Amino acid sequence: MPKNSKVVKRELDDDVTESVKDLLSNEDSAEDAFKTSELIVDGQEEKDTDVEEGSEVEDERPAWNSKLQYILAQVGFSVGLGNVWRFPYLCQKNGGGAYLLPYLILLMVIGIPLFFLELSVGQRIRRGSIGVWNYISPKLGGIGFASCVVCYFVALYYNVIIGWSLFYFSQSFQQPLPWDQCPLVKNASHTFVEPECERSSATTYYWYREALNISSSISESGGLNWKMTICLLAAWVMVCLAMIKGIQSSGKIVYFSSLFPYVVLICFLIRAFLLNGSVDGIRHMFTPRLEIMLEPKVWREAATQVFFALGLGFGGVIAFSSYNKRDNNCHFDAVLVSFINFFTSVLATLVVFAVLGFKANVINEKCITQNSEMIMKFLKMGNISEDIIPHHINLSAITTEDYHLVYDIIQKVKEEEFSALHLNSCQIEEELNKAVQGTGLAFIAFTEAMTHFPASPFWSVMFFLMLVNLGLGSMFGTIEGIVTPIVDTFKVRKEILTVICCLLAFCIGLIFVQRSGNYFVTMFDDYSATLPLLIVVILENIAVCFVYGIDKFMEDLKDMLGFAPCRYYYYMWKYISPLMLLSLLIASIVNMGLSPPGYNAWIENKASEEFLSYPAWGMAVCISLVVLAILPVPVVFIIRRFNLVDDSSGNLASVTYKRGRVLKEPVNLEGDDTSLIHGKTSTDVPSPNFGKNIYRKQSGSPTLDTAPNGRC
């Protein structure tokens, strides 16, 4: 053999040895990779870092910077405008202090258990509403889509209210406030008070004519109100900028938007206590009328308020909790946020009725002054004898007690002629019994009360800035309930989706800033959320308790929390809550059927509100709102039940969920008995990413990736 042939042979042997070493080292690295992946499955690591097919980049889900930030976000979402202008009205209307008892009972029976349920599924599955309910039961995946539709309907008109608050906020930097006095109208001969304002009040006129420039019916569009259009645009820009990075941007804002309203409420409460009549308002508020408690209507309205106060069914609760760690104590969060919400409502009620008590006292003093002047005229004219008036009473500077004494004496002496005198009893309770809610409370009654405050512009600025922050906190959760599920499901960029969502909402929202826009706000508020959300939450309860399995869910909670939840929740979720929700749904349908569909229109000539029925097209819109909100539930169910869409086409029917990923594969999750915690579904096991994927199957294969030893 030639000499250089030995050299060649030695080099060949060295190459063979090195290639064998490489092969063995690759095999070891593959085995190590597999063991690592197996440990990740068994260890339930908190980081959501499963790797997509064909991708070696780990995608971590965003997380809250701190527990405080998360709690403030949930509080900001649940504590909204309804706590300020809906709860006090219901409390006054339904028995005063006695109303708090049914509210607390229903908070324990419906509110906290269902709030805890939504927090739990969001935190464990770490998806938005679409992903969560698709994971629990693919056939009920339409629940998540229905939540998104309802959220969008609510966001459309809720941001209009923020726009109204921005308008009043911008007008509050004036002394005196522009709604303090009725405007004067000048003509060629003389100056007179605006008739529409004179027949109503300065604040009522400013709200309907200056702010809304409202038309006389929903059929009269009247064109766009440019002032409110600009305010609506500003509101959507604020929401878009705050939400464009998701919780990374909105999470920083909640420190102000969630805490500032409490500062304002406490300041208002302290200031109101220093005003005359505030104690009368609070006493009137909390005087219990126990006989009203037995009426079914009181319990229905209390249940509805509990339901909406916590934001159940919107998807915002699930979206926020999905950014938590899996071992977070969500039971503590559910109880804490629920009671913060309740005590906020009570605090707001104290503030509202302390201020309204002061307003009633001011109006009552004017009433006494005017009627005392009438009595003095009757005395001069001889219609009333001076002998019946006690000598110690000075009618020119009469007190409230003395006036009531004189009034009672005249009423007894002039029994038959008394009605012709047109004297008013001037009782402060009569003024306090004029129940107002919603925009009537915020933009008319409360606004009028603030005009009597010393330094009224300062308090007006604070009040409307508080309303803006309350609205923004709720809007953050509402938009998160729309954006998070869509991003999780369809893998679009959150920034682009947020901008498109807000831009489209502004364009659609232009119907609310027409001159007839206030009537459309009433329509959407009455029909777009109540029934659809009740149905959504009932289906959520059924999906967890009867489709997924309440026993399995309780075991999941035990593993996730580190302790077994109170057995109380087992019975609430399985028996009591579904029955209560069904009863509430039936009662709401019956109430909606008995109440004629319509709205309160402002009639300019009469300077008063008048109830009008919706036209035929208006009824069609009302029905469409309910149908469109619920439609995703049966549509998704039918598609998946009868396999109407090909699984390989990448549509709704073929989307299944695992930790941090969407996979397209025909796997029947519903038939899998694995739990959310103990065992993963077959789609949840991450495939080891070896070198150049030498053990992966072809991408077109419908089966799962397996290692050579047959283990997933």
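When a residue number appears, it is its place in the shown sequence, counting from 1. None of these values were measured; they are calculated from a predicted model.
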Task: CZ on Arg515 to CG on Asn225, rounded to 0.5 Å - done: 8.5 Å
- [ ] Taking the side chain as every heavy atom from C-beta outward, state whether Phe286 and Leu100 have any pair of such atoms under 4.5 Å apart.
- [x] yes
Open item on the list: Trp179 and ring pair (Phe, Tyr, Trp, His ring centres under 6.0 Å): which single residue from Phe443, Phe446, Tyr206 fits?
Closed with: Tyr206
Task: Donor on one side chain, acceptor on other, Asp333 and Gln74, under 3.5 Å - done: no
Report all side-chain donor-acceptor pairs from residues 334-341 shorter than 3.5 Å, counting only partners two or more places apart or in another chain.
residue : atom : partner : partner atom : Å
Ser338  : OG   : Ala334  : O            : 2.7
Asn341  : OD1  : Asn83   : ND2          : 3.3
Asn341  : ND2  : Ser78   : O            : 3.1
Asn341  : ND2  : Ser78   : OG           : 3.4
Asn341  : ND2  : Ala309  : O            : 3.0

Task: Nearest heavy-atom neighbours spanning Val317 and Leu310 - done: CG2-O, 3.8 Å
- [ ] List for me each residue that meets side chain to side chain contact (heavy atoms under 4.5 Å, CB included) alongside Ser278, sequence neighbours excluded, and say none if there are none.
- [x] Phe273, Ala354
Open item on the list: Under a 3.5 Å cutoff, is there a donor and acceptor pairing between the side chains of Tyr103 and Glu301?
Closed with: no
Open item on the list: Donor-acceptor check, side chain of Thr451 to backbone of Glu448, threshold 3.5 angstrom: yes or no?
Closed with: yes
Task: Working for side chain to side chain contact (heavy atoms under 4.5 Å, CB included), residues Thr530 and Val626 - done: CA-CA 9 Å; Thr530 307; Val626 178; over 6 Å; no
Task: Short side-chain to backbone donor-acceptor contact, Lys491 and Val487, under 3.5 Å - done: no
Task: Heavy-atom closest contact (Arg126 atom, Ser322 atom, distance) - done: NE-O, 3.4 Å
Open item on the list: Measuring from atom CE of Met523 to atom OG of Ser528, what distance do you get when rounded to the nearest 0.5 angstrom?
Closed with: 10.5 Å
TODO: Scan side-chain atoms only and decide if Ser221 and Gln514 contain a donor-acceptor pair under the 3.5 Å cut-off.
DONE: yes
Open item on the list: Are Leu312 and Leu533 packed together at the side-chain level, in the sense that at least one heavy-atom pair is separated by less than 4.5 angstrom?
Closed with: no
Task: Within-4.5 Å side-chain heavy-atom neighbours: Cys240 and Val499 - done: yes
Task: Pair Ser172-Ser460, side-chain donor/acceptor within less than 3.5 Å - done: yes
Task: Close side-chain approach of Cys148 to Ser129, heavy-atom, < 4.5 Å - done: yes
Task: Over 12 foreign heavy atoms within 6.0 Å of CZ, Phe332 - done: no
Open item on the list: Any side-chain to backbone donor/acceptor pair from Gln123 onto Leu119? Under 3.5 Å, distance only.
Closed with: no
Open item on the list: Can you tell me how far apart CG (Leu224) and CD1 (Ile230) are? Round to the nearest 0.5 Å.
Closed with: 11.0 Å
- [ ] Measure across Ser66 and Tyr255 and return the closest heavy-atom pair with its distance rounded to 0.1 Å.
- [x] OG-OH, 3.4 Å
TODO: Enter the distance from Leu106:CG to Arg300:CZ here, rounded to the nearest 0.5 Å.
DONE: 12.5 Å
Open item on the list: Between Phe153 and Tyr157 (judged by ring centroids, cut-off 6.0 Å), do the two rings come close enough to count as a pair?
Closed with: no
Task: Any side-chain heavy-atom pair of Leu81 and Ser474 under 4.5 Å - done: no
Open item on the list: Is it the case that the side chain of Ser258 and the backbone of Val254 share a donor-acceptor pair, with hydrogens and angles ignored and the cut-off at 3.5 Å?
Closed with: yes
Open item on the list: Please verify the inter-ring angle class for Phe453 with Phe268; under 30° counts as parallel, over 60° as perpendicular, anything in between as tilted.
Closed with: tilted
Open item on the list: So does Ser147 get a backbone contact from the side chain of Tyr152, meaning a donor-acceptor N/O pair under 3.5 Å?
Closed with: no
Task: Exercise: identify the closest heavy-atom pair between Ala146 and Ala629 - done: CB-O, 3.3 Å
Open item on the list: Tell me whether Arg326 contacts the main-chain N or O of Arg124 through its side chain, where contact means a donor paired with an acceptor under 3.5 Å.
Closed with: yes
Task: Backbone of Ala319 reached by a side-chain donor or acceptor of Glu480 within 3.5 Å - done: no
- [ ] Report yes if some heavy atom in the side chain of Pro113 is under 4.5 Å from a heavy atom in the side chain of Met108; otherwise report no.
- [x] no
TODO: Give the minimum heavy-atom separation between Val84 and Leu441, together with the two atoms involved.
DONE: O-CD2, 3.6 Å
TODO: Search all heavy atoms of Ser165 against all heavy atoms of Leu467 and return the closest pair with its distance.
DONE: OG-CB, 3.7 Å
Open item on the list: Rounded at 0.5 Å granularity, tell me how far CE in Met475 sits from CG in Asn469.
Closed with: 14.0 Å
Open item on the list: What verdict does the side chain to side chain contact (heavy atoms under 4.5 Å, CB included) test give for Val468 and Phe464, after you've listed the backbone C-alpha separation in whole Å, the side-chain angles of each residue and the deciding distance to 0.1 Å?
Closed with: CA-CA 6 Å; Val468 170; Phe464 289 109; 5.6 Å; no
Task: Those residues that, when tested against Ala211, pass side chain to side chain contact (heavy atoms under 4.5 Å, CB included) (two or more places apart) - done: Phe167, Tyr168, Trp207, Met228
Open item on the list: Under a 3.5 Å cutoff, is there a donor and acceptor pairing between the side chains of Asn328 and Lys67?
Closed with: yes
Open item on the list: Any donor-acceptor pair under 3.5 Å linking the side-chain atoms of Tyr323 with those of Thr484?
Closed with: yes
TODO: Flag the pair Trp236 / Leu503 as yes when at least one side-chain heavy-atom distance between them is below 4.5 Å, and no otherwise.
DONE: no
Task: Lys/Arg-Asp/Glu bridge criterion (N-O < 4.0 Å) met for Arg61, Asp488 - done: yes
Task: Non-hydrogen side-chain atoms of Val149 and Pro632 separated by less than 4.5 Å - done: yes
TODO: Assess whether atom NZ of Lys227 is packed by more than 12 heavy atoms of other residues, nucleotides or ligands within 6.0 Å.
DONE: yes
Open item on the list: Please tell me whether Tyr208 and Trp602 form a close aromatic pair, meaning their ring centres lie under 6.0 Å apart.
Closed with: yes
Open item on the list: With rounding to the nearest 0.5 angstrom, report the CD to OG1 distance, Glu210 to Thr203.
Closed with: 12.5 Å
Open item on the list: Would Phe77 and Thr478 count as a side chain to side chain contact (heavy atoms under 4.5 Å, CB included) here? Give the steps.
Closed with: CA-CA 8 Å; Phe77 175 52; Thr478 304; 3.8 Å; yes
- [ ] Taking the six-membered ring for Trp and the single ring otherwise, decide whether the centroids of Phe320 and Trp64 are under 6.0 Å apart.
- [x] yes
TODO: Check the pair Val537 / Asn541 against side chain to side chain contact (heavy atoms under 4.5 Å, CB included), numbers first and verdict last.
DONE: CA-CA 6 Å; Val537 176; Asn541 203 160; 5.6 Å; no
